[in-house]
Each structure stands twice: as structure tokens, then as C-alpha cells.
Amino acid sequence: MDMHTVVVGTSGTSAQDVIAVARGNARVELSAAAVSALAAAREIVDALAAKPEPVYGVSTGFGALASRHISPELRAQLQRNIVRSHAAGMGPRVEREVVRALMFLRLKTVASGHTGVRPEVAQTMADVLNAGITPVVHEYGSLGCSGDLAPLSHCALTLMGEGDAEGPDGTVRPAGELLAAHGITPVELREKEGLALLNGTDGMLGMLVMALADLRSLYTSADITAALSLEALLGTDKVLAPELHAIRPHPGQGASADNMLRVLAGSGLTGHHQDDAPRVQDAYSVRCAPQVNGAGRDTLAYAATVADRELASSVDNPVVLPDGRVESNGNFHGAPVAYVLDFLAIVAADLGSIAERRTDRLLDKNRSHGLPPFLADDAGVDSGLMIAQYTQAALVSEMKRLAVPASADSIPSSAMQEDHVSMGWSAARKLRTAVDNLARIVAVELYAATRAVELRAAQGLTPAPASLAAIEALRAAGVEGPGPDRFLSPDLAAADAFVRAGKLVAAVEPVTGPLA
């Protein structure tokens, strides 16, 4: 387990810390300020609990049952029961990294001192993360409003020593057994604590943070593959000139154009159509790559702004305010996060779509300007990359379906008390699939474009040094290209792994310098 430690304070957390805990198994520690804030807020909740007047979440029921005043002897049972009853998720298990992000982000809000949870409950949350215990959370059970309720409830069950969880060895066991094996005492929830463990946008936010990290890498990789395709198609790099992008000053567009221009520096392939009358301009999928890739980059930037605001937020209902009031609110509504999750699915689909169009152009002898049909070694005897493009097209088609917004839907719940919801969890789940698909689509373009550049080199042309570096790194990673001495099965899975690991960017940056 990574011994890096993330300290959780009262003022939120960073995307880097979320990824460190979710993917890097970083340890979690509560700051002294967080422990003090937890204790101070708990004193306020205890004082309110002792009063005869009902306070929502402290001495009342929840949701549509909020009108019932709960007597003191039943309040601990109430908090246990809300966790048990809300742990009603169904479907496949959610990925370990998502559950760790979910738990860590809930701890972030708890540590803010606005929830009224006792310090010992927060410490138990940290202990479970540090022990590598991962609650079993299911695919379905959140409407993205009143928090990611079922997912968070399954996590809270583990804190109580109930339900199932996965241990650090990957084996699923009863949570009580895992806690005992790691010397962790199950929590006994008191007033407000069960509710505070459930009321957050933590699942959708965690998936947003990880999707942003993955998409930033993929967008840089997509700029590189677009440049490789332009080069292989003997396109012109004049459309990448900085002065052209300065007069339409979208930051992402300029960054993508600069990336492509640097990848193509020193190429002997670009600009060969200048005197070719039938081809005055390159196709849109080639010429407009910076505009499409760049618009996606700008969408990532906006989504990151939303994520940063949410990472600095304390999402709960009710909340403990600094002046001692405990107030109901609507901050648990996932709309801000849900919208950008859907935006990202749209731009990922379009990036995949334009990449597939370039791949198809590379494979079509009528549009590839001298490349063999389907980039085959012996066209007709073998089909080259024909079906690789079919696979890519199938992925693009699914991406378009995944781009349909989840946040445009709403289903009333809780006897119409919760009558408008965000569906943010659903937006996040489909975005994860979209990001996976996009990596595969970029990998197919990379495989085709590098094959085409190699064929141009065999024709006596000189590829860009960055292109040659990408090809060399691919071969060094075991991603084989087609050849006459072997049966051709496109090595797409290996190319996919190469892209996901960031190896494409790492291969060209020694030549190009750091890319955006």
C-alpha cells in the first residue's frame, strides 16, 4: 500500500488527493483542526437533541416522514434503520476506485464540521480506508439527489460492521469480520449521524474527478493521433499556424493546434497536396481537428471548475452553521455535477467520431492518396485493418447513445417530497463507459496512423521525428504492426493499453517538449 498520506482538514480537498486515495491507496489522516471542528459541531447537535422542540435529522424522521418527532430512546435505532433501509442497491458491483473515492469524499464533508458527526465516526471512516476495506456497492440505487443514497448507505453499513465488503486481498467477506481482523470497532450511530453519512454527491463527484484525469490524457493522445493521421494523409500543417487560431481565441483550440504542430515538426510528408488541383483543402476531419479537440478541452476546463467548487463544499442536510444553527437546505442536489458529467459524455462522443472518420479515410484507397486498401500488406489476400475500423465504428455508435443526457430526466420519489432529482450518478456511470470507449477509439486511430506513416516511409518519404518516436515506442511495448511474415490480427488491445498508460504522450514529449 502506498505510504503517501492525505491529510483531511476542514476546507475541502483536491482532485489530486481524491485520485491518490482512490487509485493510489494513499493513507488518510484527520487534521487536528478537523477533529476540533467535529467535536464543536457535535456539541451543537447534542444540545439540540436534548431540547423538546423537534429538529430535522436530529429528532425527527426523514424525507416524507420528517413530520414525526422521535423520542430519545428510539433515536439510535432510527439512525441504524436509515442506513439499513437505504442500503437497497442492486446490480453489479461498482469498481473499487469509485467506492474509495465515494468514502473519501464523504469523509471530506464530515471533517468540515458542518455535519454534526462525532470525531470517532470520522476516524473509523479513515481507518476503514487505510485498512484497504472496500464496501460492496451496487450499480443501481442513486437518483443523484438527497445524495447518492444507496451507494453511501452500503458504505455506512460497513462502518456499522454489517453487510459485505472486500478485504485488501480481494476477498469479499462479512464486514464485521473484516473490521475485527483489522482491529476496527464498529460504530454505534447517534443522532443525525446515519443521515449525515448518506446525504452527499460523493459518488458522482468522485467519478467526475477520475474522468477528468483520464480525459485530459486522452485529449493529448488524440491530438497526437490526429497529427499522425494528417501526416499519413499527406495533409497540410498550414491550418495549424498560431496566427489562424489567434483570431478565434478559444484556449483549447489553440492548445490542440500547438500540440499537433509540434508533433509534425520536421515532417517531410505534410504539404504534398499544394499543387494537387483536385485537393485544394483537407477534409474536415483532418483540417478541423484542433477546433473539435479544442472545444472538448474547453469543456474539460469548465467541468474541472465545477469539480473544484464541489471539492470545496460541505454537502449535507441539515448542516451545522458556524453560528450554531442547524438548517435544512438543498445543497445535496446533484444538478451542477450531473450537467458537466453529461457535457463530458457529449464531447467524448464527438472526439471519438472525428477520430473514426480519419481512420476510415486512411483505409479507403480512394481517399488515402496512395496508401494500399485498408493498409493491408497484400490487399485481397488479407483484409488489413478493415475490421479494426468496424470495431471503432461500433464503439463510436455506442458513444453516441451514451451522450444522451441523464440529467434531462427526473423521477419523483419519497411520496413526492423528493419530486425533482438530478440523475447525476447515472450520468457518471455512463461517462465511465464513454471514457473507456474513447481510449479504444484513439488506440485504433493510433494503430492505423502509425501503420500508414510506416508505409509512407517505405515510399521514400521522411516522417516527423515525433512520429518515428511514437512508432518506436509502440514496437518496444510489443504492439506489433502487420507484415508479410505473420498472420495479421490487429494488436488493438495492446495499443489500447499503450494509450491508457500515457505511453504515447511519454514517447513524443522528449521530441516535442511538454504537450498541453
Side-chain angles (χ1 to χ4, degrees), residues 212 214-265 267 269-271 273-274 279-305 340 342-362 367 392-393 395-396 399-400 402-403 434-435 437-439 441-442 444-446 448-449 464 466-467 499 504-505 508 512 514-516:
L212 284 168
D214 294 339
L215 285 169
R216 288 189 188 102
S217 176
L218 284 174
Y219 266 80
T220 304
S221 295
D223 288 341
I224 297 169
T225 59
L228 290 169
S229 292
L230 183 153
E231 184 178 34
L233 290 165
L234 307 181
T236 178
D237 58 1
K238 288 185 176 181
V239 297
L240 305 175
E243 55 269 28
L244 291 175
H245 299 280
I247 62 175
R248 194 189 190 195
H250 294 289
Q253 177 180 323
S256 285
D258 183 63
N259 281 351
M260 292 180 65
L261 197 58
R262 286 199 276 153
V263 170
L264 292 170
S267 174
L269 281 70
T270 56
H273 65 58
Q274 298 302 307
R279 183 158 62 120
V280 177
Q281 301 178 115
D282 292 316
Y284 284 5
S285 61
V286 178
R287 191 181 357 145
C288 302
Q291 285 76 13
V292 174
N293 293 18
R297 285 176 170 274
D298 289 341
T299 304
L300 295 185
Y302 171 64
T305 299
V340 294
D342 280 332
F343 297 165
L344 293 179
I346 291 169
V347 298
D350 202 36
L351 182 62
S353 178
I354 198 170
E356 184 275 330
R357 287 293 80 207
R358 289 190 296 266
T359 303
D360 181 65
R361 186 166 289 269
L362 289 167
R367 294 179 292 144
Q392 193 185 38
L395 289 164
V396 169
M399 292 279 279
K400 293 174 182 177
L402 292 168
V435 171
N437 285 354
L438 180 59
I441 290 166
V442 171
V444 174
E445 183 181 17
L446 173 64
S467 301
V499 169
L504 176 59
V505 178
V508 304
T512 63
L515 297 175

Heavy-atom pair with the smallest gap, counting every atom of [X] and [Y]:
X	Y	answer
A466	V508	O-CG1, 3.6 Å
R216	A304	NH2-CB, 3.4 Å
S285	R357	CB-CB, 3.8 Å
A439	V499	O-CG1, 4.4 Å
Q392	I441	NE2-O, 3.0 Å
I224	L515	CD1-CD1, 3.8 Å

Could you measure the distance from the [atom1] atom of [X] to the [atom2] atom of [Y]? Nearest 0.5 Å is fine.
X	Y	atom1	atom2	result
L446	S229	CG	OG	9.0 Å
S217	L504	OG	CG	8.5 Å
L218	L438	CG	CG	5.0 Å
Y219	N259	OH	CG	13.0 Å
L264	L269	CG	CG	9.5 Å
T225	L230	OG1	CG	11.5 Å

Treating [X] as the side-chain partner and [Y] as the backbone partner, does any N or O pair qualify as donor plus acceptor under 3.5 Å?
X	Y	value
Q253	Q291	no
H245	V239	yes
E231	A464	yes

Non-hydrogen side-chain atoms of D360 and R367 separated by less than 4.5 Å: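 SC-SC contact between D360 and R367 confirmed.
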
Residue pairs passing the salt bridge (charged side-chain N to carboxylate O under 4.0 Å, His left out) test where at least one lies in residues 243-264, sequence neighbours excluded: D258-R262

R297/D223 salt bridge by N-O under 4.0 Å criterion: yes

Contacts table for residues 346-355: side-chain donor-acceptor under 3.5 angstrom, sequence neighbours left out:
none

